[in-house]
Amino acid sequence: MKNPIRSQVYIVGAGPGDPELLTVKAHKIISQAAVILYADSLVPKQILQNTRPDAELVKTGNKTLEEIVPLMIAKVKQGLSVVRLHSGDLTLYSAIAEQMRLLAEAEIPFELIPGISAFQAAAAKLQTELTIPELVQTIILTRISGQASNVPEAEDLASLAAHQSSLCLYLAARHVEKSQAKLLQHYPPDTPVAICYRVGWDDEKIWLVSLDKMAVVSQKNNLIRTTLYLISPALKEVTATRSRLYHPEHSHLFRPQKH
Ligand SMILES: C[S@@+](CC[C@H](N)C(=O)[O-])C[C@H]1O[C@@H](n2cnc3c(N)ncnc32)[C@H](O)[C@@H]1O
């Protein structure tokens, strides 16, 4: 085998779910690894369609850090190559910092392979650029506080909304009413919002609505997870070119064609 992968941990960003959006490097490592630990609620099965027949696939959705890290350490000590697969890109809400600290303490070598984040995949599906000259030149990537992690007060959603930038809101579907209320403190109610559910998965859905409909459309469609909100004046371009699909009074399903 050319350039076999090493006995170490590869922490890999799997992209949003479409296997064709894996990087070439991620694809190579996934196809050669002996052991793959993956966050099953966020990484769909099709990402694992080209693994070795003898690869050990370990779902981590029901495991704690105390179970995951010792397993990775034990496998590397057996001389095996280990992939720790996370959705999207590793820089965002991947909880890799504590894993890397424990691996470093155990003197286990590791390498990070970046991936395409959900916001990039969603913008591509919407055929939009999130920076438009004279209109918006900044992208904010943020989340809403959840059960497990609090957003620092200085980064409260309402204060970020004051910039009226393109804002990519992760991990917010369960708190959509609160999110909408905070956003409305600064964005006009007719600001376009793309509600992006499972971008790159087989059951992907995208709705384009006005900000004041963000919560009601999410709730009507029972969106509680794997949903990204893109709030952006730049989406006016999308709604202008897709006027049939957009009306501030009604929400319309925007279902991009599958290729
Ligand atoms: C734990 S975070 C991981 C984010 C990931 N590291 C990334 O860069 O996309 C999970 C959240 O990311 C967003 N997300 C991840 N994959 C998605 C997808 N395929 N479609 C829509 N949202 C997604 C959702 O907001 C979801 O609640």
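When a ligand or atom number is given, it counts from 1 through the structure's own listing order.
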What atoms in ligand 1 come closer than 4.0 Å to a heavy atom of [X]?
X      : value
Leu92  : 3 (C), 4 (C), 5 (C), 6 (N), 8 (O)
Trp201 : 19 (N)
Ala118 : 7 (C), 9 (O), 14 (N), 15 (C), 16 (N), 17 (C), 22 (N), 23 (C)
Cys196 : 21 (C)
Gly88  : 5 (C), 7 (C), 8 (O), 9 (O)

Counting heavy atoms only, which part of [X] comes closer than 4.0 Å to ligand 1: side chain, backbone, both or neither?
X      : answer
Leu42  : side chain
Phe119 : neither
Ser94  : side chain

### Query
Any side-chain donor-acceptor pair under 3.5 Å between Gln99 and Arg84?
yes
### Query
Just by distance, with hydrogens left out, do Tyr170 and Thr227 show a side-chain donor and acceptor under 3.5 Å apart?
no
For [atom], find the nearest protein heavy atom and state the residue, atom name and distance (0.1 Å precision).
atom                    : value
atom 12 (O) of ligand 1 : Tyr170 CD2, 3.2 Å
atom 25 (O) of ligand 1 : Thr227 O, 2.8 Å
atom 26 (C) of ligand 1 : Thr226 CA, 4.0 Å
atom 27 (O) of ligand 1 : Leu171 CD2, 3.5 Å

Roughly how far apart are [X] [atom1] and [Y] [atom2], rounded to 0.5 Å?
X      : Y      : atom1 : atom2 : value
Ile139 : His163 : CD1   : NE2   : 14.5 Å
Lys213 : Ser218 : NZ    : OG    : 12.5 Å
Met100 : Leu90  : CE    : CG    : 8.5 Å
Trp201 : Gln46  : CH2   : CD    : 7.5 Å

Less than 3.5 Å between some nitrogen or oxygen of [X] and one of ligand 1, yes or no?
X      : result
Tyr93  : no
Gly17  : no
Arg225 : no
Ser117 : yes

#### Entry: Criterion salt bridge (charged side-chain N to carboxylate O under 4.0 Å, His left out) on Lys25 and Glu111, from CA distance to verdict
CA-CA 12 Å; Lys25 198 166 189 175; Glu111 189 177 331; 3.7 Å; yes
### Message
Surrounding NZ of Lys178 (heavy atoms of other residues, nucleotides or ligands, distance under 6.0 Å), is the total greater than 12?
### Response
yes
### More than 12 heavy atoms of other groups within 6.0 Å of Glu105 CD
yes
Does even one non-hydrogen atom of [X] get within less than 4.0 Å of ligand 1?
X      : answer
Gly200 : no
Arg198 : yes
Ser87  : yes

### Message
Quick check against the 3.5 Å criterion: does Ser232 have a side-chain atom that pairs as donor or acceptor with the backbone of Ala234?
### Response
yes
### Query
Val193, Leu169: one ILVMFWY side-chain cluster at the under-4.5 Å cut-off?
yes
### Task
Identify which of Val199, Asp18, Leu223, Leu169 has a heavy atom lying nearest to atom 20 (N) of ligand 1.
Val199
### Query
Under the criterion side chain to side chain contact (heavy atoms under 4.5 Å, CB included), which of Leu230, Val176, Asn221, Leu223 is the partner of Ile195?
Leu223
